[in-house]
2 protein chains.
Amino acid sequence: MTIAEESIPNVPEVVILRLPQYIRELTRILNEGTDVASSQQLGNRLQVTSAQIRKDLSYFGRFGKQGRGYKIHYLLKELRQILRLNQEWPTALVGVGRLGRAIIEYPGFSPQGFRVTAAFDSNSRQVGETLGQVTVQPMSQMEKVIRENGIRIGIVAVPAEQTQTVINKMVDCGINAILNYAPVSCHVPNGTKVRNIDPVLALQSMTYYLDPRT
Amino acid sequence: MTIAEESIPNVPEVVILRLPQYIRELTRILNEGTDVASSQQLGNRLQVTSAQIRKDLSYFGRFGKQGRGYKIHYLLKELRQILRLNQEWPTALVGVGRLGRAIIEYPGFSPQGFRVTAAFDSNSRQVGETLGQVTVQPMSQMEKVIRENGIRIGIVAVPAEQTQTVINKMVDCGINAILNYAPVSCHVPNGTKVRNIDPVLALQSMTYYLDPRT
DNA sequence: CGTTGTGAACGGCTTCACAGCT
DNA sequence: AGCTGTGAAGCCGTTCACAACG
């Protein structure tokens, strides 16, 4: 409340995209037993220039000591606070087909504070089934459950044709961060963020660089 | 051979990242029964300006007709050629744990010409098992198999600690395009591309925008 | 001395705007 | 008229370079 967050200017989105990487790498460095790091050291490990790291951090404050570097523990605490990672984030998954199941069972989310708290599917055959810790519910329950649990993050793993419809529903339920696994580009109102996970696009953007027969 | 590809200047990587999206959306438009599209129409569907699309395409040639737009079928053919998507790309997967299995069984790759042709794991318990169409082989076979099959693309789904080692091996085998599912940033020599798939980073870069209690 | 924090310079992607073709 | 292709302008993120400081 008293924190001077009001003074943070418009931070470029690329900066926000890099902060989680800083957190991840700093955590790793800390686990290796080092508790201070310079922007140079961090940059080497992430293939980023030291100036970039310092500039990125400078959007939010001063976290280092000249001549020394950054106390990792402290910097991590600050970064987590900036990104609001100091809390548990419940998420709602829609679509529990093959992909959705893999997502529910993916062990990588919860250590980072993201938990699939509710799952929905339009196929009545899946409804009622319990996967991991959650029981699949019908779409008709979505708004109620999302609002009652204060869920702000949605994960979409439905077929391409249904994606935009599902996303619209999520937005109507008050969700404004969406992780989209479907291979479609989707539209959301201002104030809602979408990140797409699409391995096929990733592959297709690499083959360009594979020269024929080398 | 006679194609004037030598005249293509250094294309910004962001452009290459957008081309697959153009392909995907154009394919969808074509399937809806439309066979000509303007940069404006495509841009609306992708949330991209029409100027951006025209500029992107202009790096590679002239594919439209003034006053008309682009013949989708023709443009798609050209784009696929630019990205070398007119061929099947065999890929090698390393790591057949939970995630690796999901990748092998993911039905989205093959329609786009990517096929997991070989799978490897260092755990002898998995070796010999057949998943989908491929039989898991020991790491010792990797170089031989990759070279014999002319595999240029690798997919990594091993635990974080092993990732850099596996990627180094892949590079030694002549692979220079890598899809990395592990939550680590990795180093590769010039001439090798890496794309990372990391849903956790994606989530962590969205919570920043979720203002407390709205 | 080593390293941060940062204004200024730089470079490159995006947008503009219009000539030119259909 | 409608839309492409593109030089030029504009904008925005990155890099530079150095004052400041432990």
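Each chain gets a letter, A, B and so on, in the order its sequence line appears, and its residues count up from 1.
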*When the distance from CD of B:Gln52 to P of D:dC3 is rounded to whole Å, what number comes out?*
19 Å
*Quick one: on DNA chain D, does A:Val15 or A:Arg54 contact a more 5' nucleotide (nearest heavy atom)?*
A:Val15
*Can you tell which of D:dA8, C:dC13, C:dA8 lies closest to the side chain of B:Lys55?*
D:dA8
*Of the nucleotides C:dG5, C:dT15, C:dT3, which one has an atom closest to the side chain of A:Ser58?*
C:dG5
*Please state how far atom NZ in A:Lys65 lies from atom C1' in D:dA20, giving the value in whole angstrom units.*
15 Å
*Give the rounded distance in Å between these two atoms: CD1 of A:Ile16 and P of D:dG13.*
11 Å
*Could you check which of C:dT14, C:dT15, D:dC16 has an atom nearest any side-chain atom of B:Val14?*
C:dT14
_Taking any heavy-atom pair under 4.0 Å as a contact, classify A:Ser39: base, sugar-phosphate, or nothing._
sugar-phosphate
*OP1 or OP2 of C:dG5 sitting under 4.0 Å from any side-chain N/O of A:Tyr70?*
yes
*Counting just side-chain N and O atoms, does B:Arg18 come under 4.0 Å of either OP1 or OP2 of C:dT14?*
yes
*asked:* Rounded to whole Å, how long is the line connecting atom OH of A:Tyr74 with atom P of C:dT4?
replied: 15 Å
*Within a radius of less than 6.0 Å around NE2 of A:His187, do more than 12 heavy atoms belonging to other residues, nucleotides or ligands occur?*
yes
_Any side-chain N or O of A:Gln66 below 4.0 angstrom from OP1/OP2 of D:dA20?_
no
_Between D:dG22 (C1') and A:Arg62 (CZ): distance, integer Å_ = 13 Å
*Roughly, in whole Å, what's the span from CG in A:Leu57 to C1' in C:dT3?*
13 Å
*Rounded distance (Å) that lies between atom C1' of D:dC16 and atom CD1 of A:Ile53*: 16 Å
*Tell me, do A:Ile155 and A:Val94 make a side-chain contact under 4.5 Å, heavy atoms counted?*
no
*Do any side-chain nitrogens or oxygens of A:Arg68 fall under 4.0 Å of OP1 or OP2 in D:dC21?*
no
*Measuring from B:Arg195:CZ to A:Gln204:CD, what's the distance to the nearest 0.5 Å?*
11.5 Å
_A:Gln41 to A:Val36 - nearest heavy-atom pair and separation_ = OE1-O, 4.0 Å
_Output the rounded distance in Å from CZ (A:Phe60) to C1' (C:dT4)._
17 Å
*Is there a side-chain contact between B:Leu79 and B:Leu57, using heavy atoms and a 4.5 Å cut-off?*
yes
